[in-house]
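The structure appears right after this line, and notes come after that.
All chains are named by letter (A, B, ...) in the order of the sequence lines, taking the proteins before the strands, and each is independently numbered beginning at 1. Values reported hereafter were calculated over all heavy atoms of this structure, with side chains retained and with hydrogens, waters and symmetry mates removed.
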Amino acid sequence: MSLHLYNTLTRRKDLFEPLEPGKVKMYCCGVTVYDYSHVGHARNYIAWDVVRRYLLWRGYAVTFVQNFTDIDDKIIKRSHTDHLPWQQITQTFSDAYLEDMARLNVMPATRYPKATDVVPQIVAFIQQLIDGGYAYASEGDVYYAVERFPSYGKLSGRKLDQMEAGASGRVDDEATKKHHPMDFALWKAAKPGEPEWESPWGNGRPGWHVECSVMVREELGKTIDIHTGGQDLVFPHHENEIAQSEAAQHQPLARYWLHNGFVNIGGEKMSKSLGNFTMIRTLLDEGGVEPMVLRLFVLQAQYRKPIDFTDGAIAAAQNSWHTLQEGLQFGHRFGNALGWGSDADPSLGDPAAMRIAEETAPVRQFITAMDDDLNTPLALAPLFELAKALQKEGNRLVHEGKTLADGEALRHQWQTLVVLSQVLGLEAAADAAGSTPEEPEGLTDAAVETLIQQRRAAKQAKNFAEGDRIRDTLNAQGITLIDKPGGVTEWHRS
RNA sequence: GGCGCCAUAGCCAAGUGGUAAGGCAGAGGUCUGCAAAACCUCCACUCCCCAGUUCGAAUCUGGGUGGCGCCUCCA
């Protein structure tokens with residue numbers, strides 16, 4: 001089995017074969033930068049980051065282009081309400097987006113084109129559509145004539161006449177300018193106080209949809225391999241992109257159309273308009289949720305399925321992450337003790353340099369799962385099995401000072417875990433639970449030893465209340481006592 | 001009204017014809033004055049309901065019920 005991806009266009013899982021062997025061109029529909037990103041966005045971009053990472057790991061050279069739509073009604077509106085230039089709005093939220101994604105360990109795109117950087121190309125593209133008979137100017141606007149494109153609706157599985165019925169009741173101030181209710185704006189005439197660019201049809205700005213058609217062509221060419229976005233972009237956004245690009249170019253815009261499911265709140269889609277969203281930075285900063293926890297939360301469902309965002313789900317992901325994290329830190333904590341030699345082999349600390357055997361069961365399970373339309377919940381199973389096994393051996397080393405397992409076998413297990421986790425973008429800081437912290441604030445080691453001696457004396461005198469009091473005192477300082485047989489008490493800082 | 005998706009343990013979630021992965025939570029045991037840590041073990045005769053196809057169905061077909069999405073800006 002090799003990689004199969006669910007293609008919205010064909011409504012089935014298709015074998016993935018790039019146009020050019022070994023190379024993949026991906027275009028990921030980016031955000032409209034008028035506000036901070038929420039958890040729904042996080043899921044979207046994590047999903048495509050995983051697709052990209054998996055393709056890279058499987059040996060493809062991936063060019064990953066993601067746009068910023070930096071001109072649009074909402075940006076203009078926010079500029080007016082905030083009394084700030086629209087350029088400042090888009091700059092602020094583009095920067096914020098990149099910050100959020102970096103924290104979530106989403107790889108930066110190869111390039112981030114902006115709509116406003118390609119306005120002349122957009123104008124030329126629209127002219128090309130007009131010349132081809134696919135678009136018409138109307139009172140300073142330009143509209144795409146959907147009836148001229150016979151396969152309009154092929155992506156979303158709709159028919160023009162059916163949609164007409166649904167649209168008939170709607171009031172639309174553009175209606176009088178359109179030939180057909182489903183026609184959509186390629187160019188919008190500027191109103192006073194709005195940003196504007198020159199065009200043959202008068203000053204104005206690009207409509208939504210057309211900027212993506214143009215940026216795809218400018219950055220990647222006429223036909224690309226993979227085009228991605230949320231399920232809410234299937235119609236109208238991607239349908240319209242197809243109509244524009246394929247009318248202009250007479251060849252497919254993209255071979256594989258991938259769409260992810262929503263993040264829900266109480267069963268309902270998280271969205272700006274419903275007001276039920278949690279921003280990524282709020283969750284991370286005020287909610288104290290580690291970025292990897294959010295990532296794991298997202299990956300515990302297949303990307304096309306809806307997921308419910310609840311406190312309980314985040315708490316469960318938190319616990320799951322700690323298990324995985326301990327496994328990931330195993331090599332850093334115990335590698336030297338197991339005689340792995342950190343300097344001799346650079347692959348010890350650098351996942352990119354690690355070479356793991358692909359014939360082992362965990363790796364095979366992982367690949368089989370990922371090949372089946374990125375089945376990350378299934379792919380996580382072998383990771384947890386590796387992590388738990390390492391966690392157990394780590395505990396044996398801590399508590400018994402030795403392990404019965406073979407050092408080299410552990411090393412291979414650990415490297416497998418690290419590499420596969422990295423394919424999912426799950427990474428633990430090497431030093432987070434590393435060497436013993438040096439003399440922390442609070443009690444010194446000597447003070448702890450003294451208290452333990454006092455507790456031992458109290459216990460021998462059967463004064464258990466005093467013994468428990470000392471234990472509780474230490475516990476409050478983050479020190480856990482472990483009573484071993486023979487009256488020995490070990491301790492560690494948590 | 002049109003198109004489409006989903007329903008598996010307390011929770012999350014794999015499994016698309018051969019007898020229920022994994023995670024979280026939970027239970028019992030060893031040890032222990034207690035506790036914690038550690039280790040060991042257990043945790044869906046059943047997959048929303050009804051009928052059908054089949055030697056065999058969570059998986060296929062038909063009919064219900066419940067939930068959701070898109071058709072308007074949206075990842």
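At the phosphate of B:C39, OP1 or OP2 sits under 4.0 Å from a side-chain N or O atom of A:N395. Look at A:N375 and you'll find a side-chain N or O under 4.0 angstrom from OP1 or OP2 of B:G15. Regarding contacts with the backbone of B:C68, every side-chain N or O of A:N264 stays at 4.0 angstrom or more from both OP1 and OP2. Between B:G1 and A:K159, no contact under 4.0 Å exists linking OP1 or OP2 to a side-chain N or O.
Set against B:C70, B:C40, B:A75, the side chain of A:M270 has B:A75 as its closest nucleotide. Nearest to the side-chain atoms of A:K269 among the listed nucleotides B:A21, B:C40, B:A75 stands B:A75.
With sequence neighbours excluded, no residue satisfies ring pair (Phe, Tyr, Trp, His ring centres under 6.0 Å) with A:Y152. Contacts of A:F334 classified as ring pair (Phe, Tyr, Trp, His ring centres under 6.0 Å), with partners at least two apart in sequence or in another chain: A:F330.
Counting distance only, with no hydrogens placed and no angle test, the side-chain atoms of A:R471 and the base atoms of B:C34 include a donor-acceptor pair under 3.5 Å. For a distance-only test at 3.5 Å, the side chain of A:D468 qualifies as a donor-acceptor partner of the base of B:G33.
Between the C1' atom of B:C70 and the CZ atom of A:F262 lies a distance of 7 Å, rounded to the nearest Å. Rounded to whole angstrom, the span from the NZ atom of A:K388 across to the P atom of B:C39 amounts to 10 Å. Residue A:F384 contributes atom CZ, which lies 17 Å from atom P of B:C12 at whole-angstrom precision. For A:Q325 and B:G23, the CD to P distance is 17 Å, given to the nearest whole Å.
Side-chain contact check for A:D95 and A:Q91: at least one donor-acceptor pair (N or O, by modelled atom type) lies under 3.5 Å.
Across all strands shown, B:G29 is found opposite B:C39 as a Watson-Crick or G-U wobble partner, with both distances under 3.5 Å. In this structure B:A44 sits in no base pair that meets the Watson-Crick or G-U test at under 3.5 Å.
Taking the six-membered ring where tryptophan is involved, the planes of A:Y97 and A:Y45 are perpendicular, since the angle between them exceeds 60° and thus also 30°.
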Taking only N/O atoms, report every protein-nucleotides 3-8 of chain B pair under 3.5 Å with atom names and distance.
unit_1: B:C3; atom_1: O2'; unit_2: A:G157; atom_2: O; d: 3.4

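As judged by a 4.0 angstrom heavy-atom cut-off over every strand, A:Q300 is placed among residues touching the sugar-phosphate backbone only.
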